[in-house]
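Each chain gets a letter, A, B and so on, in the order the sequences are listed, and its residues count up from 1. All values derive from a computational prediction rather than experimental measurement.
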There are 2 protein chains.
Amino acid sequence: MDDILSKSTTANTGEVLEENAIGALWQICFVANSFVFPIYAQFDKEYEISRMEFVVLFVLSHRDCLMAWEICRMTGLPKNNISRGIQKLETKGLISRSPDPKDARRAMVTTTEKGHILFDKLLAAYTKRADGFLSLLDENDKADLDRIMVKLSKFMPTIA
Amino acid sequence: MDDILSKSTTANTGEVLEENAIGALWQICFVANSFVFPIYAQFDKEYEISRMEFVVLFVLSHRDCLMAWEICRMTGLPKNNISRGIQKLETKGLISRSPDPKDARRAMVTTTEKGHILFDKLLAAYTKRADGFLSLLDENDKADLDRIMVKLSKFMPTIA
DNA sequence: TATGTCAAGTCCCATATGGGACTATTATTT
DNA sequence: AAATAATAGTCCCATATGGGACTTGACATA
């Protein structure tokens, strides 16, 4: 019988995953991690912005103002993490919080001008990287991907 | 002018993301997190298996035996994390390590019988959840998704 | 054989993370 | 109105994570 070592074919990255239905979701996670880790490392290094801070800014860039719990729902991230992200951003003057006069528990979060300026830089880096990934796809692929991801996003978790 | 609060449309989960090319990758990450967090929480609660342990078992289920650095490359995860996962699994008797006689730095990792038995349960839960997600897609979608994810997986990072 | 370089894993440490308890406020029920 | 539940957000704490230093061993070159 062969040496035990010979059983190991030199596996390439992501290779494992190209198999069945289960593989599709594994691969989604794999691609997501591959995309997101280097970007967040870059944000941290270049701008001292953490993942949670970026997430808050990103979501806010699509709505003028939001409450923390809305950001949680939109991102699927736990509220304590979002809370911390918001606190950091506020400390840095990148967002501002205005308490809801009708409900003292709530506060609306808005990006400040300073926050917009920084976010533009972050988004440029983000977009550049995203384009790098998507450049592997043709136009049909991109359309399919959009359609599929919209469908999949409907399957929502309820994260505390 | 309207109350500041009225600016906030009640945003639904994942809604932000359905916009442009940048949104596609955001959405991939969103779906990935939505899929993966509850499953790992379940694994931790029901089987006391951590994410890293599952990842190692998962990858090993596709290859008879592998070395740690191969698992890193296939998963894109840092080697210290994988190292810890392997250590835990070995302690529990779910995998075994046989040192490479030709290179004392290396060790081949193999799933034990006990490991296989546990992994079957984990995989059943994983598959069930994956099927839940994928049930939102029709057959064309699934085929498209597979094709696209294989393409995207080629855009590989080099993670330490 | 000495020497420098690289590779596989492990270890240490500072930070990020998520669960759950807690506070403060509002909504609902009686 | 009082009592109870529910909600937004924060805090605490134990664990997970990733960067980087370190150890050990292999390999290339002299």
Side-chain angles (χ1 to χ4, degrees), chain A residues 5 8 10-11 33-34 36-45 48-56 65-91 95 97-109 157-160, chain B residues 5 8 10-11 33-34 36-45 48-56 65-91 95 97-109 157-160:
Chain A
L5 290 176
S8 168
T10 349
N33 286 334
S34 303
V36 101
F37 271 75
I39 265 285
Y40 287 142
Q42 182 185 346
F43 288 167
D44 185 48
K45 186 169 289 177
E48 292 183 3
I49 287 289
S50 70
R51 174 185 164 208
M52 290 303 156
E53 291 175 277
F54 175 75
V55 160
V56 170
C65 56
L66 287 167
M67 288 176 293
W69 68 271
E70 292 178 298
I71 301 178
C72 292
R73 204 159 38 106
M74 293 164 83
T75 59
L77 290 166
K79 58 185 182 176
N80 47 7
N81 290 353
I82 295 297
S83 174
R84 269 185 296 251
I86 290 175
Q87 283 169 8
K88 284 188 192 172
L89 289 170
E90 194 182 26
T91 304
I95 62 169
R97 277 196 278 195
S98 36
D100 183 345
K102 297 171 196 150
D103 187 337
R105 291 170 302 181
R106 301 177 165 193
M108 296 303 296
V109 179
T158 0
I159 292 180
Chain B
L5 289 176
S8 169
T10 350
N33 286 334
S34 304
V36 101
F37 270 74
I39 264 286
Y40 287 142
Q42 181 185 347
F43 288 168
D44 184 47
K45 186 169 290 179
E48 291 182 5
I49 287 289
S50 70
R51 173 184 165 208
M52 290 302 156
E53 291 174 276
F54 175 74
V55 160
V56 169
C65 55
L66 287 167
M67 287 176 295
W69 67 271
E70 291 179 298
I71 300 177
C72 292
R73 203 160 39 105
M74 294 165 81
T75 60
L77 290 166
K79 59 185 182 175
N80 45 8
N81 290 353
I82 294 297
S83 175
R84 269 185 295 251
I86 290 175
Q87 284 168 8
K88 284 188 193 172
L89 289 170
E90 195 182 25
T91 304
I95 62 168
R97 277 196 280 194
S98 35
D100 183 344
K102 298 170 194 152
D103 188 337
R105 291 170 304 180
R106 300 178 166 194
M108 296 303 295
V109 179
T158 0
I159 292 179

Length of the line joining A/L66:CG and D/dG9:C1', which is rounded to integer Å: 15 Å
Atom pair distance, as rounded to whole Å: CG in B/L77 and C1' in D/dT17: 10 Å
Between CD on residue B/Q87 and CG on residue B/N80, distance to nearest 0.5 Å: 10.5 Å
Test item: A/I95 and A/I86 side chains (from C-beta on) under 4.5 Å apart, heavy atoms: yes
Value rounded to 0.5 Å, distance of CZ in B/R84 from NZ in B/K79: 12.5 Å
Side-chain donor/acceptor contact of B/R84 with base of C/dG9 under 3.5 Å: no
Spatial distance of atom NZ (B/K102) from atom CG (B/D100) [nearest 0.5 Å]: 6.5 Å
Value in whole Å for how far the P atom of C/dA14 lies from CD of A/E48: 17 Å
Residue met sooner reading DNA chain C from 5', once A/A104 and A/M52 are mapped to nucleotides: A/M52
Whole angstrom value for the distance that separates P of C/dG9 from CD of B/E90: 12 Å
Atom-pair distance (OH on B/Y40; P on C/dG18), nearest Å: 13 Å
Rounded interatomic separation in angstrom, taking CD1 from B/I49 and C1' from D/dA16: 15 Å
Set of side-chain contact (heavy atoms from CB on, under 4.5 Å) partners for B/S50, sequence neighbours left out: B/M52, B/E53, B/K88
Any A/S83 side-chain N or O less than 4.0 Å from OP1/OP2 of D/dT10: yes
Between CZ on residue A/R97 and CE on residue A/M67, distance to nearest 0.5 Å: 13.0 Å
Short side-chain N/O contact to D/dG9 OP1/OP2 from A/Q87, under 4.0 Å: no
B/F43 CZ to D/dA16 P, straight-line distance once rounded to whole Å: 16 Å
Integer-rounded Å distance: D/dA16 C1' and A/F37 CZ: 11 Å
Donor-acceptor pair (no angle test) under 3.5 Å: A/N80 side chain, D/dG9 base: no
side-chain contact (heavy atoms from CB on, under 4.5 Å), paired with A/R51, selected from A/V36, A/D44, A/L77: A/L77
Position toward the 5' end of DNA chain D (nearest nucleotide), A/I82 or B/K88: A/I82
Sugar-phosphate only, base, or nothing, as touched by A/R51 at under 4.0 Å among non-hydrogen atoms: sugar-phosphate
List, with names and distances, any nitrogen or oxygen atoms from the protein found under 3.5 Å away from nitrogen or oxygen atoms belonging to nucleotides 6-8 of chain C.
unit_1 : atom_1 : unit_2 : atom_2 : d
C/dA7  : O4'    : B/R105 : NH1    : 3.4
C/dA7  : N3     : B/R105 : NH1    : 3.0

